[in-house]
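This report refers to the structure that appears directly beneath it.
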Amino acid sequence: MNAALDKKTFRSDLLAWYRASARALPWRAKPSLYKTVVSEFMLQQTQVKTALPYFERWIRELPGFDALATAPEARVLKLWEGLGYYSRARNLHKLALAITARPEPPRAPAAWLELPGVGPYTAAAITSISFGEPVACVDGNVVRILARLTADGTVFRDSSSAAKYFTPIANALVNKAAPGDHNQAMMELGATICTRQNPSCAICPVRSSCAGARTLSPEQFPRLAAKKTEEQSVCRIWFLSTKRDAVLLHRASPSARRLAGIFELPSPADIELDEKDLTTKNAKLVAEQKRSITRYRITEKFLALTPGAPLRRRIDARIKTSAGMLQWIALSDLDKITLSGPHRRIVQKHFA
DNA sequence: AAAGCGGGGAC
DNA sequence: GTCCCAGCTTT
């Protein structure tokens with residue numbers, strides 16, 4: 001730790017800045033344990049701006065742990081549609097069931113760690129904000145601030161090892177009199193001032209504590225090894241019923257590792273088609289889109305399938321034996337099911 | 001079009 | 001410890 005860093009000065013400068021300039025966010029107005037939990041789940045892997053409309057609607061529809069616990073999972077997933085990483089929604093649902101099953105919610109960070117979807121970061125966020133537990137949240141924002149504050153040039157292999165490295169430092173720095181506000185202030189500082197590129201050091205409330213700000217390029221911290229990306233190409237099928245009033249969709253099983261319980265346009269493999277079934281005569285490329293997820297860059301091609309009678313019979317037989325993984329969904333019912341975000345968009349754009 | 005963010009869980 | 005998850009924003 002930087003010997004020059006005066007913790008007391010840092011804490012009070014940070015807190016004064018936060019209390020004067022915190023953004024007005026819906027989970028900060030009239031805070032409750034439930035709102036804190038929902039917001040922290042939504043903010044895993046998702047930026048504030050994206051989560052905002054989802055949070056407002058969620059609180060309107062499911063205003064407390066009881067409402068969430070008694071809601072059917074399909075409704076929970078539908079409310080999450082478009083946010084991605086649906087295991088967060090399923091974990092949040094299970095967490096509500098666990099919370100309502102006990103006389104009162106736990107208070108200790110270690111107890112929250114046992115609940116589904118709660119890791120070190122989320123346990124620290126929830127318990128510091130709701131119960132004043134003196135534990136630090138360590139996310140990418142906090143790593144960035146601490147690496148700059150101490151001008152630490154360590155090269156980390158990835159963000160999780162960086163978080164582990166900075167956790168003791170972050171805990172030593174927490175303001176024990178106001179850990180919730182301290183943690184939120186760190187996140188706020190990272191999101192608005194101590195940004196990854198072009199940090200606004202000139203207006204930073206803790207500039208006088210920061211060793212990085214005294215270097216030529218504070219943005220060089222933290223030093224993370226470059227990630228390698230992998231190209232992936234996938235194909236999806238747009239296939240209508242004979243009457244052209246329903247589309248064939250694939251629903252991942254509730255225990256699937258990816259997109260559990262979520263509908264997508266089927267891949268050729270999902271309906272047991274191979275290349276020779278997809279001739280230029282019966283399969284036409286109607287759309288192509290690129291998207292990114294973690295280290296993958298995915299090129300997705302959408303083929304409209306208009307098969308002859310024998311192939312159609314084969315697919316019909318396959319649907320019957322698919323145990324609900326393949327379903328005809330009426331075009332008028334598309335709004336009633338949960339589609340993955342990218343497939344929802346492609347359907348609206350090209351097939352609506 | 002490419003690069004970056006980001007915590008949790010399964011193994 | 002390592003890998004996977006299947007999405008958006010910023011540049």
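Below, each value reflects all heavy atoms present in this structure, side chains not excepted, and no hydrogens, waters or symmetry copies. Letters go in sequence order (proteins before strands), and every chain restarts at 1.
Rounded to whole Å, the distance from CD on A:Q289 to P on B:dA1 is 12 Å. Protein atom CD of A:E219 is 13 Å distant from nucleotide atom P of C:dT11, rounded to whole Å. The separation between A:H343 atom NE2 and C:dC8 atom P is 12 Å, rounded to whole Å. Atom-to-atom, CD of A:E81 to P of C:dC8 comes out at 11 Å; the value is rounded to the nearest Å. Between the CG atom of A:N198 and the P atom of B:dG4 there is a distance of 14 Å, given to the nearest Å. One can place OH of A:Y54 at 11 Å from P of C:dG7, the figure rounded to the nearest angstrom. For A:E231 and B:dA1, the CD to C1' distance is 11 Å, given to the nearest whole Å. As a whole-Å value, the separation of A:E264 CD from C:dC5 C1' is 13 Å.
Residues A:N175 and A:L15 meet the side-chain proximity criterion, which asks for heavy atoms closer than 4.5 Å. Side-chain contact between A:L14 and A:M186: present, with at least one pair of heavy atoms (C-beta onward) separated by less than 4.5 Å.
Rounded to a whole angstrom, the distance from the P atom of C:dT11 to that of B:dG6 is 14 Å.
Comparing A:G341 and A:D158 by the nucleotide of DNA chain C whose heavy atom lies nearest to each, the residue mapping closer to the 5' end is A:D158.
The aromatic rings of A:F239 and A:W328 sit tilted relative to each other, their planes meeting at an angle between 30° and 60°. Using bins of under 30°, 30° to 60° and over 60° for the plane-to-plane angle, the ring pair A:W80/A:W58 lands in the perpendicular bin.
Here the nucleotide nearest the side chain of A:R345, chosen from C:dC8, C:dT10, C:dC4, is C:dC8.
In this model, the phosphate group of C:dT2 is approached by a side-chain N or O of A:R157 to a distance below 4.0 Å at OP1 or OP2. For C:dG1, the OP1/OP2 oxygens have a side-chain nitrogen or oxygen of A:K164 closer than 4.0 Å. Checking the phosphate oxygens (OP1, OP2) of B:dA2, a side-chain nitrogen or oxygen of A:R297 falls inside 4.0 Å.
In this structure a side-chain-to-backbone donor-acceptor pair under 3.5 Å is present from A:K35 to A:K30.
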- Letter by letter from the 5' end, nucleotides 5-11 of chain B scores (B base, S sugar-phosphate only, - none; protein heavy atoms under 4.0 Å) BBBSS--
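A:I298 comes within 4.0 angstrom of a nucleotide base, judged by non-hydrogen atoms across all strands. A:Q232 comes within 4.0 angstrom of a nucleotide base, judged by non-hydrogen atoms across all strands. Base engagement by A:Y296 is indicated by at least one non-hydrogen atom pair under 4.0 Å involving a base atom.
The side-chain hydrogen bond (donor to acceptor under 3.5 Å, both in side chains) contacts involving residues 61-77 of chain A comprise A:E61-A:R75, where partners must be two or more places apart or lie in separate chains.
A:T9 and A:D13 are not linked by any side-chain donor-acceptor pair at a separation below 3.5 angstrom, with hydrogens and angles left out of the test.
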